[in-house]
Protein chains: 2
Amino acid sequence: MPKIVDAGARRQDVVDAVFRIIASDGLERASLREVADEAGLAVGSVRHYFASSDELLVHSFSVVIDRIAGRLEAALESVRQEAPGSPAHHEAVLLLLGQLLPLDEEKAVDVCVWLAFRTAARIKPVFAPEAARSHRAVAAVVGQLVMQLLPDSEQQDILVTEAERLLATLDGLCLHALLQSEWMTARMCRDVLEAHLAGLGGLFQRG
Amino acid sequence: MPKIVDAGARRQDVVDAVFRIIASDGLERASLREVADEAGLAVGSVRHYFASSDELLVHSFSVVIDRIAGRLEAALESVRQEAPGSPAHHEAVLLLLGQLLPLDEEKAVDVCVWLAFRTAARIKPVFAPEAARSHRAVAAVVGQLVMQLLPDSEQQDILVTEAERLLATLDGLCLHALLQSEWMTARMCRDVLEAHLAGLGGLFQRG
DNA sequence: GCAGTTGAAGCACGATTGTGCTAAAAAGAC
DNA sequence: GTCTTTTTAGCACAATCGTGCTTCAACTGC
């Protein structure tokens, strides 16, 4: 029989190379030749594991979505294990929201790649299904979080609006942190999130 | 002397072609040949008005910034002419914030092109100066608006945080409206903005 | 040892890109 | 009409891209 290699691990190596290239040089530079160079392989070898350039990129998109969604769901579980209103709960919520921000090197690469694929999905239809899945996954977690943070008495449409508002603020923060890192520092991210959460908590006090 | 043409108008025609291509096919498709085709010219003709591809794109970036910033500043003037707290003032504020959202075809093209160049500026240094100018211009208007909306008693750092928060929410809304237009409808944009403004107004009531 | 499957690598082709350069056409100045 | 300058157009070259196809090495099962 054949030469046996861990195909899954090799594929992941190539995907990691894709991530590094996108983070440093953008999605448009993630060509087969560049990816092969970065992964230390030949073009033909990369094409052995991925039938086409599109398949490689779509799979990379899928991987980064799973990574981010996985972190979000784990963080949501941590939030659920804290008593609502407690300082630990507040901290867990901040930790969850921070998963979508480039607060360290690893997350910076992830959200950068994530944003690159999502914006590319507007043009390239191959990315559209994964982009929709990505949006559903993140919106689900943020929706659950908003339901935890707001009193049950709130009407459904207010919950939806607040979830979309939190999601928009998060994406905007992420965008600014990636594009204008001089202005949008980690400290400013936290301040904005704190202010937003204070505004959320104050919602029901105004009726 | 020579054949006389309105060089400025011709340049604007080419820039308009660039906008259409970026809005429909993305920045990476805005090559000289595509732009020339879209403008009904030959490549050599386009190159007569723009020395290089970079100059064309940077100039296009500059034009879209001026358009958006111009609309924002005009809208800010309208806000200033209304009594703070009045319904007309509220409506003028919503109109200002809506200038950054793809609520009609014209603004959709503008913000789409704007976002494309800003994200490209992370990678291509030629775009960086204009991206910084863009950020300063928009942040200045939003900052002025926040100063109008919040009581003078607020501390400086709270004003800054709230300005960045509003800016982030706006950019996030814009991103969602462009990328996930099925979920982020014009109605949802308005609801989110209303909720955000209510949260802003409620700030000083909580101290 | 042999055979057969898989991994790894590379060639070649057409398409697309930016750009240096050339050349023809157009129109006001004389 | 002739000259001059702008405008418009096009060619050619190197670089890059995805991909069909072939080739060679490696390693397992017998």
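Here is how names work: the chains are called A, B, and so on, in the same order as the sequence lines, proteins then strands, and each is numbered from 1.
Contact between A:Gly26 and B:Ile123 at its shortest, heavy atoms only, is N-CD1, 3.6 Å.
Applying the 4.0 Å criterion to OP1 and OP2 of D:dT8, one finds that B:Tyr49 has a side-chain N or O inside that range. OP1 or OP2 of C:dG18 lies within a sub-4.0 Å distance of a side-chain N or O belonging to B:Ser53.
Contacts of A:Arg47 with the nucleic acid, taken as non-hydrogen atoms under 4.0 Å apart, include base atoms. Using a 4.0 Å heavy-atom criterion, one finds that B:Arg10 contacts the sugar-phosphate atoms exclusively.
In this structure, B:Asp6 places its CG atom 11 Å from P of D:dT8, rounding to the nearest Å. Computed from coordinates, the A:Arg33 CZ to C:dC11 P distance equals 11 Å when rounded to whole Å.
Taking only side-chain atoms of A:Ser52, from C-beta outward, the nucleotide of C:dT19, D:dT19, C:dT17 with the closest atom is D:dT19. Ranking C:dT17, C:dT6, D:dG10 by closeness to the A:His48 side chain, first place goes to C:dT6. Residue B:Ser31 has its side chain nearest to C:dT17 when only D:dG10, C:dT19, C:dT17 are considered.
Under a cut-off of 6.0 angstrom, the local environment of CD in A:Glu182 is crowded, with over 12 non-hydrogen atoms contributed by other residues, nucleotides or ligands.
B:Arg133 and B:Ser62 share a donor-acceptor pair across their side chains, judged by distance under 3.5 Å alone.
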